[in-house]
Amino acid sequence: MTTARRPFVHDGIAYGCDYNPEQWDPSVWAEDVALMTEAGVDLVAINVFGWSHIEPRQGEFDFTALDRVIDLLAAAGIGINLGTGTSSTPPWLTRLHPEILPMTEDGTLRYPGGRQAWCPSSPVFREAALALVDAVARRYGSHPAVELWHVSNELGCHNALCYCDTSAAAFRVWLEARYGTIDALNSAWGTAFWSQTYREWDEILPPRATLSTRNPGQQLDFHRFSSDTLLDYFRAEAEIIRAISDKPVTTNFMVTAHIENLDYWSWAADMDVIANDHYLDNRLSDPRTELSFAADLTRGLAGGEPWLLMEHSTGAVNWQPLNRAKAPGQMIRNSLTHVARGADAVCFFQWRASVQGSEKFHSAMLPHAGTDSALWREVVELGGIVDRIAEVAGSRVVSEVAIVFSWEAWWATQTESRPSHELGYLEQMHAAYAALYAQGVSVDVVAPGADLSGYRLVVAPGLHLVRAAEASVITDWIAAGGTAVVTFYSGIVDENDRVWTGGYTGPFRQALGVAVEEFAPVAAGEPLRLTSGATASLWSERFRATTAAVIDSFADGPSAGGPAITRNTWGEGAAWYVATLPSAADYRALFARVVAEAGVTATARMRAGSDVETVRRRGENADYLFVINHGGDVAVAEATGHDLVTDAAVSGEIEIPGGSVRIIREEALV
Ligand code: GLA
């Protein structure tokens, strides 16, 4: 994006939801708006799935119902987050143009009847969708209640990777622009292997299902192409809106566990404000820490600025194998964790629980049980808190630690042939983040190559794919006095998935002072002990410390006797290398040592409380200390100022009852 970002203007922290009034008889709408007011809702996303309602037949627009909903919301002073309505196609479109349907890797079509049944490369889909965007932008582009434009919905949630012939043709165009010549493509993909050398662009296909494993370079580029294609689509919608309306434009990202298809580092600059959807993933061993990680990553995408939590849930979702209800108070804690980590909006999917359709068992702000329910009372309570913490809006999280996150490394790690299928990129990221989180320090999540000045500690977990220039940013920063931790499977391939030879960790090798010769992964359950008594799992490798000091060694397993954890002095700084996955407790112990060595300060001084999250946001006039007690026991933190949650002055050692949150304006500290 070349133009300056348009600010999202809202009074305080926004509180809101997706609202799908088309699912209800209009007689319900007035009650909806009255209850929204009671709960303190002041930002509502509408028309997200509106296409078949506002364009019932091609080119015939009917805005009667949407006009009425907008009038009702506007009259109540509720801001509108206006969906363009393009995320799910109307039946008339797929009947007229079945060629827009997406194709999976095995060559089978995916049909309408769900959502996002469109190929991201389809010009036919694009033309129809952009006509809708144009009509919506013209009708509401200068409506005073519209605060924000919500392009499509979770772009790429289901249809990111389409393998149809239209996608194949678009992939070739993208490849030609990237490589210029077919020889350059052959070199990048390593097509000398298995007789894959291309002579003509037309021979190239998307990486459709094969009998054997596929070309990893081709798969990597297909990920890049697919991410770029949807970004290009976003740009097309945004361009139309920006020409007609002066309101900010965004789309809801999916920075959440296991959604890997879009490289949001390349998308972020196109958003006027970053917005994210996050759902607790109870399939993970530690869903709550993942929530904090995702919020920190979203803040990273926002360049440290505030961002909007566009969707999360009041209770259970409907799409996990077991959809857990939230414990009493958990929704408030989850919401305020997002705010602590930079969100200036707390929004939910959705307002009123559906009674039909596939999401009828998804929680909502207004549950099936109605207002005489614990959930509704908690929704109202949270609305009150969000009001009382209005002054937090605009402040920024303070952090001395950075963790490097890369979608490209994620894609390259997960290729079909790898040393161990138990090795996952995100799992390594979460393990390192959890060990840092346990130190009570704040962590920024940054892109490879990002400026590291200002940090005391940088962690690069499993940065498998890395460009030489990106690695140099880290090693130069170490040489200038920084402390870094690099973990195994980092520095293995370049941007074309080509192995860095001469000893693994490639461009990190010298700074780390190690020469890794061979991977030696271990199976789940196999013993792996270190000489210090620490335990580990998943991974070992055979290497020599060239200039590094050996901190710990493998006591058993396939690399017994060799180093496992090393520390090298590099210039003015220190470079740690961790060649295994320590147990959670041992990882925490390791980071306690590294954090102390790097001089990183804990966010708050705690006297008691074992399950407490602390984050500080810095405003122009005050700091705001968030203390979120996830445990059942009273926690005791040192803080002086005014608690915005209970609206009371606090000083010295303050008690935070189990399950509750304190947000303290620390006027004295600035
Ligand atoms: C996503 C979508 C919503 C809804 C929720 C359910 O976030 O954007 O439309 O389907 O998931 O969790």
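Heads up: numbering here begins at 1 and tracks the sequence. Every number for a ligand or one of its atoms is a count from 1 in the order of the listing. Model, not experiment: these values are computed from the prediction.
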Relative to the ring of [Y], is the ring of [X] parallel (under 30°), tilted (30 to 60°) or perpendicular (over 60°)?
X	Y	value
W407	Y264	perpendicular
F293	H430	perpendicular
H338	H312	perpendicular

_Neighbouring protein residues of ligand 1 - any heavy atom closer than 4.0 Å_ = F49, R115, N153, E154, D277, Y279, E311, W319, F349, E359, H362
*What pairs meet the side chain to side chain donor-acceptor pair (under 3.5 Å) rule with one or both residues in residues 45-58, with sequence neighbours excluded?*
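Of all non-adjacent pairs touching residues 45-58, those that pass side chain to side chain donor-acceptor pair (under 3.5 Å) are W51-E55, R57-E60.
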*About how many Å separate OG of S358 and CH2 of W319, when rounded to the nearest 0.5 Å?*
14.0 Å
*Under 6.0 Å between ring centres, would you say that holds for W118 and Y233?*
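Yes - the distance between ring centres of W118 and Y233 falls below the 6.0 Å cut-off.
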